Amino acid sequence: AQTVTQSQPEMSVQEAETVTLSCTYDTSESDYYLFWYKQPPSRQMILVIRQEAYKQQNATENRFSVNFQKAAKSFSLKISDSQLGDAAMYFCAYNVMDYGQNFVFGPGTRLSVLP
Amino acid sequence: DAGVIQSPRHEVTEMGQEVTLRCKPISGHNSLFWYRQTMMRGLELLIYFNNNVPIDDSGMPEDRFSAKMPNASFSTLKIQPSEPRDSAVYFCASSPATNFVQYFGPGTRLTVT
């Protein structure tokens, strides 16, 4: 079974600084999708960034970028120029098409942004 | 696009009562997911529909929980009878076949007293 691990339950970053959230996963598949979702205090789950495993180029979305290491099964999220609005729970997730979708979420990392 | 719509946003009920949560997925999405989120257990997948057909209900806790998707634009999650341990935030998410991204609704916070 696929699993997603986030080893940092909590992290903090100073406003305007850069922070990296870690994620590792376990799978025997070669083609799959990885995601980072953000859940602010409003509890709405918001997609931050998406990466297809067959693409070697790391995905970027404005201040958010990933470091995808397929061989190491690692998928970290880097937030540059951190803003107060970035404070939230961040979930790493994995999805593979295997007789339907097989979506697995990690336990989450709570990020605090310090003014 | 209105996004995934869930109702009610908050529900408070007494133990033993029936609770029905509702979800309207994004138009054109062919997959729908029900999740439960608690502090202790995190985000748990309860059931997943593809083209209105239940594909995986292995996450449904017990027979008190049931889910239906009578058409492509509506799904319900029912708990009967409800218990205090069912208190949680319940999310509905939908996904298109094109990019495998899940788009979440705002959630329903259920409190069973």
Side-chain angles (χ1 to χ4, degrees), chain A residues 1-10 21 23 25 27 29-55 59 61 64 66 75 77 88-110, chain B residues 1-6 8-11 23 25-26 29-59 69 87-111:
Chain A
Q2 292 84 5
T3 59
V4 176
T5 302
Q6 294 178 250
S7 59
Q8 307 148 317
E10 295 184 356
L21 308 184
C23 172
Y25 57 94
T27 183
E29 302 291 335
S30 61
D31 193 14
Y32 48 88
Y33 302 83
L34 296 164
F35 308 86
W36 279 98
Y37 280 85
K38 168 186 177 181
Q39 188 178 37
S42 67
R43 79 171 182 246
Q44 176 72 53
M45 292 283 283
I46 302 165
L47 177 69
V48 174
I49 201 163
R50 168 179 179 260
Q51 173 84 43
E52 292 99 332
Y54 65 86
K55 290 186 177 179
E61 284 289 342
F64 299 87
V66 298
F75 183 61
L77 175 69
M89 280 288 285
Y90 285 82
F91 294 94
C92 179
Y94 161 101
N95 193 10
V96 65
M97 285 300 295
D98 181 14
Y99 300 105
Q101 295 195 35
N102 186 3
F103 217 98
V104 179
F105 280 89
T109 296
R110 183 172 300 281
Chain B
D1 196 328
V4 175
I5 299 172
Q6 290 187 248
R9 295 292 305 276
H10 302 272
E11 177 80 29
C23 175
I26 294 173
H29 286 192
N30 67 330
S31 295
L32 183 141
F33 305 78
W34 283 101
Y35 290 90
R36 179 172 66 178
Q37 187 178 37
T38 61
M39 288 292 293
M40 291 294 293
R41 301 173 69 94
L43 198 60
E44 301 175 277
L45 176 66
L46 299 178
I47 188 169
Y48 151 45
F49 291 88
N50 193 52
N51 294 322
N52 312 338
V53 176
I55 302 299
D56 181 4
D57 65 354
S58 59
M69 191 164 186
S87 298
V89 179
Y90 291 81
F91 287 100
C92 175
S94 70
S95 177
T98 51
N99 65 6
F100 306 113
V101 174
Q102 293 199 0
Y103 298 86
F104 282 76
T108 295
R109 180 176 293 279
L110 173 65
T111 303

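Here is the naming used below: chain letters follow the sequence lines, and residue numbers restart at 1 for every chain. Keep in mind that what you see is a predicted model, and the values were worked out from it rather than measured.
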Region of B:Gln102 that comes under 4.5 Å of a non-hydrogen atom in chain A: both
Any heavy-atom pair between the side chains of A:Glu29 and A:Tyr94 that's under 4.5 Å? yes
Applying side chain to side chain donor-acceptor pair (under 3.5 Å), can you list everything that pairs with B:Ser58, at least two apart in sequence or on another chain? B:Asp56
B:Arg41 portion near chain A, given a 4.5 angstrom heavy-atom threshold: neither
For a quick test of reading the model, state the closest non-hydrogen atom pair linking B:Cys92 to B:Val4 and the distance between them. O-CG1, 3.8 Å
Which residues satisfy the side-chain contact (heavy atoms from CB on, under 4.5 Å) test with B:Met69, sequence neighbours excluded? B:Pro25, B:Leu32, B:Phe49, B:Asn52, B:Ser75
Picking from A:Gln39, A:Met45, A:Arg43, which has the most non-hydrogen pairs under 4.5 angstrom with chain B? A:Arg43
Where on B:Val101 is there a heavy atom nearer than 4.5 Å to chain A: the side chain, the backbone, both, or neither? both
